[in-house]
Amino acid sequence: MAAAQLVVLACISAFFLPAQAEAPYRFINWEVTYGNINPLGVRQQGILINGQFPGPEIECQTNDNLIINVHNRLPEPFLLSWNGFQHRKNSWQDGMPGTNCPIPAGKNYTYHMQAKDQIGSFFYFPSLAFHKAAGGFGAIRIHSRPRIPVPFPPPAAEYNMLIGDWYNTGHKALQAMLDSGKQLPSPSGILINGKGPKRTSFTVEHGKTYRLRISNVGLGSTLGFAIQGHNATLVEVEGTHTVQNTYSSLDVHAGQSLSVLFTASRPARDYHIVVSTRFTNHSLASTAVLHYAGSKLHAAASGPQPTLPASDVDSALRQARSVRTNLTASGPRPNPQGSYHYGKINVSRTIRLANSAGPGKRRYAVNGVSYVDADTPLKLADYYNISGVFHMGGIPDAPAAAGEHGKTALKKATAVMDSDHRSFVEVVFENSEDAVQSWHLDGYNFFVAGMDKGAWSEKSRKGYNLEDAVARSTVQVYPRAWTAIFIALDNVGMWNVRSQDWARRYLGQQFYLRVYTPTHSLRDEQPIPANAILCGRAANRSRHGPLSQY
């Protein structure tokens, strides 16, 4: 056969081969404005998205492409971030001040994101200044693809439940308190879906099973959750299907998300859903209504409200350790653990991170370093090789020894911790304080291998769960205790490591983790977006400038 004929046949064959369809695109258009809200009966200025508080839900499916055009109608810069959304190979879209320039007042920015290999319950929030105290948050719901089974029957319906502490004081006044060195007062109350007590309701039908997707979007309080007369079965934590244990109440720490199933099996009437603060001397509570269809509409829920167990660390640890990965379930991919198991990988580096509060004017730190925002996003400075913006290696791998009076002086720095692409690290969060800490890592899920009271030592590894530890992006550290996690650093980028206590984060308890590879290959990281906003020392650079040579 002639060579020309072979070429023609090859082209015809290629034409009729089934093409791999690109994942669907979902286009979202948002306007961010200030508006009057009164969630606890006090009129105040809130941040609305398309006129809504909380903002609209993002609902999509694994691998969907999200095109989110955000119009900033505020009289100041604004930025959104996506708690738990991994942005595989694309920290350009993370929406933190260290990765993105703010959206200027009166301008817009379009996020191009993909829910790559993710399922689960997450949320978005404003990441600049103290905007989070004014709203601007909303739920993210990523469904599994139809051909990948979920380890429970489809529920009759799914409901989002955004819970969090709230202040009647405006966000600018709260920010001014922190800037002046003052400590924030106790929150004014607890919101459920942006509303105060008894103003949120969920309607169910007797005998049917429902899914609640719960996210703690507040500024710092650990919250407990319980449904009067009903148990809840935990099925998912931040994108990981869990062993399906049943609980009478569950703790949801700041920044965490989870899903539970419950069955409407009680006599048809209204029931209390209680959300209350945990591990605090100043107790706050709020309620929503679980309404059975067919019962008297808006009839007051009767009987005693469910009470949560005492805020002791031992019982909290037992519950936390019971949250484990469902190894028989698929994740966003048919084989969620791939060709390896986290408990069988050699750790290449151990990092110990201790939170602390410094003497003098109120600041918070990680390993003695209190983070200071730079004039240029770190991701841009890294890309354009702009020196002097951040301090590489500024966070040591272990806390310094305490000084003469048990405290170490804090060093202010724009600190970045360096790491190698595809390394496997052990991180131990150490908490010597009397309050619960909550830590988050952008761009990743990590395995929660162990937690306990007291000081961590190498002997603590004997108690690690190396079989079915839950994978998540936000983890709690109990008072005078530690938590150990394993991270497979397979997502190149500049990623924020932060306290989910927003006052502590604002005052320095955060840093950035640079996951680096020298190859600069599109296989490892996507290029700078064509629409990237350039600011600070990168304002006049070309979008096709030189890559970092660090």
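- For N100, the side chain to side chain contact (heavy atoms under 4.5 Å, CB included) partners are L79, Y109, not counting sequence neighbours.
- Listed by chain and number, the residues in a side chain to side chain contact (heavy atoms under 4.5 Å, CB included) with K379 are S91, W92, T99, M494, E525 (sequence neighbours excluded).
- Applying the side chain to side chain contact (heavy atoms under 4.5 Å, CB included) rule to T33 yields the partners L48, R73; only residues at least two apart in sequence or on another chain are considered.
- Applying the ring pair (Phe, Tyr, Trp, His ring centres under 6.0 Å) criterion to F53, with sequence neighbours excluded, gives F137, W166.
- Applying the side chain to side chain donor-acceptor pair (under 3.5 Å) rule to pairs touching residues 527-540 yields D375-R537, sequence neighbours excluded.
- Every residue was checked against the ring pair (Phe, Tyr, Trp, His ring centres under 6.0 Å) condition with Y364, not counting sequence neighbours, and none meets it.
- Checked against ring pair (Phe, Tyr, Trp, His ring centres under 6.0 Å), H253 has the following partners two or more places apart in sequence or in another chain: Y478.
- Within the structure, the ring-ring contact (aromatic ring centres under 6.0 Å, His included) test picks out the following pairs touching residues 60-80 (sequence neighbours left out): F78-H131.
- For C101, the disulfide bond (SG atoms under 2.5 Å apart) partners at least two apart in sequence or on another chain are C535.
- Residues satisfying the ring pair (Phe, Tyr, Trp, His ring centres under 6.0 Å) criterion with Y25, sequence neighbours excluded, are absent altogether.
- By the side chain to side chain contact (heavy atoms under 4.5 Å, CB included) test, S348 pairs with S423, V425, sequence neighbours left out.
- Within the structure, every pair that satisfies the salt bridge (charged side-chain N to carboxylate O under 4.0 Å, His left out) test and touches residues 80-95, not counting sequence neighbours, is listed here: R88-D490.
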